[in-house]
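Taking it in order: structure first as structure tokens, then the write-up.
Note that the coordinates shown come from a computational prediction; the quantities given were computed from them, not determined experimentally. The analysis underlying the following values was restricted to heavy atoms, covering all of them including side chains, and did not include hydrogens, waters or symmetry mates.
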Amino acid sequence: MSWEVLTMRSVTSFFNPALARSDLRRHWPILFLYTAIWMVALPVQLYLRHIAEGASYGTRTVSEVCQGTYSMGVIMAFVFGGVLAMALYSYLMNGRSVGLIHSLPLKRQTLFFTQLLTGFAMLTAGNLLVVLVSLLVCGEPGPLLVWLAVVTLAEIFFLALGTLCAMLTGWLLAVPVLYVGINFLVMAVMQLIHWLAELFIFGYQGDGFGSFTLWCTPVVQLVRRLTDPQGVVAEYVGYPVVSADVNPLENGGWQALGIYAAVAVAILALACMLCIRRRSELSGDVAAFPWMRPVLRYGVGCMGGLALGMILYSVTFGLARTNDIRAYLPGMLLCVVLMTLVCSFGMSMLLGKSLKIFRRTWKGTVLLAALLAAVCVCVRMDVAGVERRVPKADEIESVTAQCRNIQPFTATSGDTETIEAIRAIHRAILEQAEDGDVDLDGTPLIEDGQYIWIRLKYTLTDGSTLERGYNVPVRRASALYTVINRMMSTPLARQELVISGTADADSAPLGGSIYSADTGDVRNLTAVEAQMLYQAAQQDVAQGRVISDILSDTGYSPLQVDITGNDWDCVLNLDNFTDDAHTLELVNRFLSGGDGEANKPLDRERTPAGSGRGAFFGATLKHLMLLIRKLHFTYCVLGV
């Protein structure tokens, strides 16, 4: 008699179909909303462009529409990756649910990967449906497949990051807070450092975020890499135009997507390990692991103490001391320490689910407050020498300067005269600050001078930047006045004073116009006249017939002279020419004859600022147009 018992071989599976079907039944509204948004954003837009363009509709149009949705794809992946992670792993946030699920004969790995693959399948199914509908509209599979790859890679990363956040906490409301916090943590820390430095360091200007900060902020970096064509200019029609043929994916987009996809694999491995070791009884707690408690307590205390402390200072001591060039140190210490105590003790109460936490946490909280106070003191004392730093000439690749009526101009390393003049201004400002001659008294006018805003931005040979901005009193008898005028007398500064915009020395002017703000008349210039005016302006710059006194009142000219070339456009600022300038003589000649128009010649003494019919509105219009040109050029060429 055989007592042999038939047994079934145990097979470990990483996916449970029954659990996946249950997730689909409960979370299908997320998929519906996701797909509906993309249907409007892609197939509908392709159809509207097809109607508008008609026969010219083709692959180029489809590529443009798809590229235009890349940034939206990153935002959608960020939002729905976090939402799906919250929904799929919500059972971990409730004691009864997690007890029921973990009592099933399923391994933790099976639960983890079933939820993960279900979420990824939901997003991918929505993307495939959008691609199929779009293919019926346009019939161009190439750009649509590229779009599918872009949004899929982005969704892999953000779904993995959302999954990790769900593993770290047992409280559902803490998942989105952790998710957003991890995405923007490094950028927030750097911004707090910039704000603290701007409060305590005279002249400090935050110069944006470095490469490391951007890579640690996935949303910003992906949007930047998938939408920025890296400043490739294809043509110039008065302003730079970026070619639509330049694909941002080929200029760093694929690289960024590949790096974040690889990071997503590591994040999923870490999240799976945490899921296996997670204690079921901690569901409902803010921290799902004991080591998370001090991280959250001191992290929230540090970030909240600095951020809320600076805000509290701004609305209390800051409003009462608006004329100080540096923050009031005792007031800042009081605000930072107070907010650190509030944030740290508040987080401790949330973690411990009790108000009786003072005895257990007061030592660490007081130590954290003392450390933040010490940081404020070190920044105020400029221990690192940030305020006193003036880059050496051999460290400078280029420097951009802006001073009162001079539009921003850039001197490269080859222009040693201008660079040395700018460095002399920087040193003179710091020396004047050491003498105490920088305090603001609330009025822009001072005896024998005035307050002037000076902005300097160095680009160093190592690729870093250093930016400073000063609002300092400039008096005629001061050393600062002398070095500023010396800088304004350099050829580059003189040209920037009288010629705004861009010009090509190898391309002759093709025309232009003279506009009178007083009368509203326009005198068109022929190519010969425009070339004569441009050459006269260049000659006046070379021979020094430009007002180079920073405290000189140049008055206001009611005339605006525009000169255009084949691929450039510039404006002559008549305010800054001296009375014997050839440019003014030519403008008078063109206005007084030649085409029979009875236009009033330009007064050599210039109309004083604020007088004459329409002077105020004319000046406002002129400076507004110049500002728009500068901002547009900066955005298109520099990519800011």
Side-chain angles (χ1 to χ4, degrees), residues 33-49 59-84 123-124 126-127 130-131 133-134 138 140 142-162 176 179-180 182-184 186-188 208-209 211 213-234 240-261 263-264 632 634-640:
L33 179 62
Y34 175 83
T35 307
I37 295 175
W38 270 123
M39 284 293 181
V40 176
L42 194 60
V44 172
Q45 296 302 317
L46 288 172
Y47 179 72
L48 294 176
R49 288 288 295 270
T59 304
R60 179 185 176 89
T61 302
V62 178
S63 298
E64 290 178 354
V65 174
C66 291
Q67 290 181 25
T69 62
Y70 287 165
S71 59
M72 177 183 172
V74 174
I75 303 300
M76 291 280 286
F78 170 72
V79 173
F80 282 90
V83 170
L84 267 178
L123 295 176
T124 304
N127 295 335
V130 171
V131 169
V133 176
S134 300
C138 66
E140 297 287 344
L144 294 174
L145 292 178
V146 173
W147 175 87
L148 178 63
V150 169
V151 296
T152 301
L153 289 174
E155 287 164 356
I156 289 174
F157 174 79
F158 288 110
L159 183 59
L161 189 59
Y179 183 64
V180 175
I182 292 176
N183 268 284
F184 295 96
V186 177
M187 181 171 286
F209 302 104
S211 176
T213 303
L214 292 174
W215 278 108
C216 292
T217 312
V219 178
V220 176
Q221 180 72 335
L222 282 174
V223 169
R224 179 173 170 269
R225 287 298 186 100
L226 294 176
T227 57
D228 183 11
Q230 307 296 312
V232 180
V233 177
V241 176
V242 177
S243 172
D245 295 326
V246 179
N247 191 341
L249 291 173
E250 300 173 359
N251 290 278
W254 287 122
Q255 177 191 23
L257 288 169
I259 290 175
Y260 283 117
V263 172
H632 190 277
T634 302
Y635 173 78
C636 294
V637 176
L638 302 181
V640 298

### Summary
side-chain contact (heavy atoms from CB on, under 4.5 Å) with L148: of V131, V130, L153, only one passes, and it is V131
### Task
Have a look at L42 and tell me which of V151, L144, I37 forms a side-chain contact (heavy atoms from CB on, under 4.5 Å) with it.
L144
### L159 CG to L123 CG distance, which is reported to the nearest 0.5 Å
6.5 Å
### Message
Run the ring-ring contact (aromatic ring centres under 6.0 Å, His included) test on F78 and Y179 for me, step by step, so that the C-alpha distance in whole Å, both residues' side-chain angles and the decisive distance to 0.1 Å come before the verdict.
### Response
CA-CA 9 Å; F78 170 72; Y179 183 64; 5.1 Å; yes
### Query
Hey, mind stepping through V150 and T69 against side chain to side chain contact (heavy atoms under 4.5 Å, CB included) and telling me if it holds?
CA-CA 10 Å; V150 169; T69 62; over 6 Å; no
#### Entry: Q45 side chain near R49 side chain, heavy-atom distance below 4.5 Å
no
### Message
Suppose we screen for side chain to side chain donor-acceptor pair (under 3.5 Å). Which residues come up paired with N127, at least two apart in sequence or across chains?
### Response
Y34, E155
### Message
Are W38 and W147 packed together at the side-chain level, in the sense that at least one heavy-atom pair is separated by less than 4.5 angstrom?
### Response
yes
### Residues F184, V219; criterion side chain to side chain contact (heavy atoms under 4.5 Å, CB included); working and verdict
CA-CA 8 Å; F184 295 96; V219 178; 4.2 Å; yes
### Query
What heavy-atom pair brings L222 and F158 nearest, and what distance separates the two atoms?
CD1-CE1, 3.9 Å
### Contact check, side chains of V74 and T227, non-hydrogen atoms, under 4.5 Å
no
### Task
Could you tell me whether F209 and W215 have their ring centroids closer than 6.0 angstrom?
no
### Task
Write down the atom of P143, the atom of C66, and the distance for their closest heavy-atom approach.
O-SG, 3.9 Å
### Query
How about N183 and P218: do any of their side-chain heavy atoms sit closer than 4.5 Å?
yes
#### Entry: W254 and L226, any side-chain heavy atoms less than 4.5 Å apart
no
### Query
Is L257 close to R225 at the side-chain level, that is, under 4.5 Å between some pair of heavy atoms?
no
### Task
Measure the shortest side-chain to side-chain distance between L46 and V62 over non-hydrogen atoms and say whether it is less than 4.5 angstrom.
yes
### Message
What I'd like to find out is whether the side chain of V146 reaches to under 4.5 Å of the side chain of Y70, using heavy atoms alone.
### Response
yes
### Task
Mind listing the closest non-hydrogen atom pair of Q221 and L214 along with its distance?
CB-O, 3.1 Å
